[in-house]
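Notes to accompany the following structure.
Side chains are part of it too, since the values below use all heavy atoms of this structure and drop only hydrogens, waters and symmetry mates. Keep in mind that what you see is a predicted model, and the values were worked out from it rather than measured.
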Amino acid sequence: MAATIDAFVDRVRTRGAPLGVTVSRWGRSHRRSPNILQVTGPSGRILLYAKARGPGKGFWGLNPNQLAALRGAGHPSHVALLRMDDETGYLLDRSAIDSGIAMFWHPGHDGEYKVNQDGNLESLAFPQHFLELEHAILGFVGAAG
């Protein structure tokens, strides 16, 4: 799914560049996991953990080590759960992520938290079109676009 995440990141990068926003892979992210991005704009920086899934039933897997690295990074962080088939997704802040882990998501055999698109996810965040997600991400760094 890396190519699909790259396509979303390119959208944010293209939309944000004229507003002074840069998007790059986070330097502390493990090189095998290019899913954590640093988004820097006129008034701040966030870290974005982007995960994608294809059509049909499925889930997003959130790696607990990556989530721990985000918690300790000293910057606001968000998780973007992307559905590539209809260009919608969910944007979760740290509080929503912690709530999901505490109440709904359980680690699978590989240790990753399994996040399904069901009523539990929608109690934490509403689905949004990619354009709305891009706007929110740019707004976090002071570049309303």
Side-chain angles (χ1 to χ4, degrees), residues 1-105 108 112-145:
M1 286 283 168
T4 56
I5 292 172
D6 289 345
F8 178 77
V9 170
D10 285 344
R11 289 174 62 134
V12 175
R13 185 177 286 128
T14 298
R15 190 156 179 226
L19 303 170
V21 174
T22 60
V23 181
S24 59
R25 201 173 114 235
W26 183 42
R28 289 179 42 193
S29 178
H30 192 282
R31 68 176 177 241
R32 289 184 302 149
S33 179
N35 297 47
I36 299 182
L37 307 162
Q38 179 173 284
V39 183
T40 306
S43 67
R45 172 181 302 152
I46 66 162
L47 299 176
L48 181 68
Y49 184 15
K51 297 293 288 197
R53 63 168 256 228
K57 286 195 164 258
F59 60 87
W60 296 274
L62 299 179
N63 182 297
N65 295 330
Q66 299 291 8
L67 293 173
L70 290 174
R71 278 189 203 95
H75 297 289
S77 58
H78 299 268
V79 171
L81 302 175
L82 308 172
R83 285 183 41 105
M84 304 315 290
D85 57 337
D86 62 1
E87 294 194 344
T88 62
Y90 300 84
L91 194 59
L92 301 140
D93 63 13
R94 184 173 296 164
S95 174
I97 296 162
D98 291 342
S99 293
I101 290 170
M103 295 187 298
F104 309 122
W105 309 330
E112 289 193 345
Y113 296 105
K114 305 305 181 191
V115 181
N116 292 296
Q117 184 177 354
D118 59 16
N120 294 338
L121 178 57
E122 292 191 4
S123 71
L124 301 171
F126 292 102
Q128 301 178 68
H129 188 271
F130 279 6
L131 189 61
E132 295 168 305
L133 295 176
E134 295 162 21
H135 183 76
I137 292 164
L138 294 175
F140 294 144
V141 297

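Smallest separation of non-hydrogen atoms from G142 and S43: CA-OG, 3.1 Å. In terms of heavy-atom proximity, Y113 sits nearest to W105 at CD2-O, 3.9 Å. Scanning all heavy atoms of the two residues, the minimum distance from R15 to H135 falls at NH1-N, 3.4 Å. Taking both residues in full, the closest heavy atoms of Q66 and I36 are given as OE1-CD1, 3.0 Å, listed atom of the first, atom of the second, then distance. Between P76 and R45, the shortest heavy-atom distance links the atoms CD-O, 3.5 Å. Across all their heavy atoms, F130 and T88 have their closest contact at CE1-O, 3.3 Å.
Rounding to the nearest 0.5 angstrom, the gap separating the CZ atom in F126 from the CG atom in L91 is 13.5 Å. Going from atom CD of E122 over to atom OH of Y90 covers 4.0 Å, rounded to the nearest 0.5 Å. Taken from CG in N35 to CG in D6, the straight-line distance is 9.0 Å, to the nearest 0.5 Å. The CG atom of N120 sits 8.0 Å away from the CE atom of M103 when rounded to the nearest 0.5 Å. How far CG of L37 is from OH of Y49: 11.5 Å, rounded to the nearest 0.5 Å. Interatomic distance, W60 CH2 to L121 CG, rounded to the nearest 0.5 Å: 6.0 Å.
The aromatic rings of F140 and H78 sit parallel, their planes meeting at an angle under 30°, below the 60° perpendicular limit.
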| query | Checking side-chain contact (heavy atoms from CB on, under 4.5 Å) for the pair I97/L70: CA distance, chi angles, key distance, verdict? | reply | CA-CA 11 Å; I97 296 162; L70 290 174; 5.9 Å; no
| task | Apply the test side-chain contact (heavy atoms from CB on, under 4.5 Å) to residues L133 and L82: give CA-CA distance (whole Å), side-chain angles for both, the deciding distance (0.1 Å), then the verdict. | result | CA-CA 10 Å; L133 295 176; L82 308 172; 3.9 Å; yes
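Side-chain contact check for F104 versus L124: some heavy-atom pair is nearer than 4.5 Å. Contact annotation: the side chain of E112 approaches that of K114 to within less than 4.5 Å [non-hydrogen atoms, C-beta and beyond]. Side chains of V23 and L48 form no contact here, defined as non-hydrogen atoms less than 4.5 Å apart. The closest side-chain heavy-atom distance from L67 to I101 is below 4.5 Å. The side-chain heavy atoms of R53 and R83, taken from C-beta on, include a pair separated by under 4.5 Å.
Side-chain contact check for D93 and S95: no donor-acceptor pair (N or O, by modelled atom type) lies under 3.5 Å.
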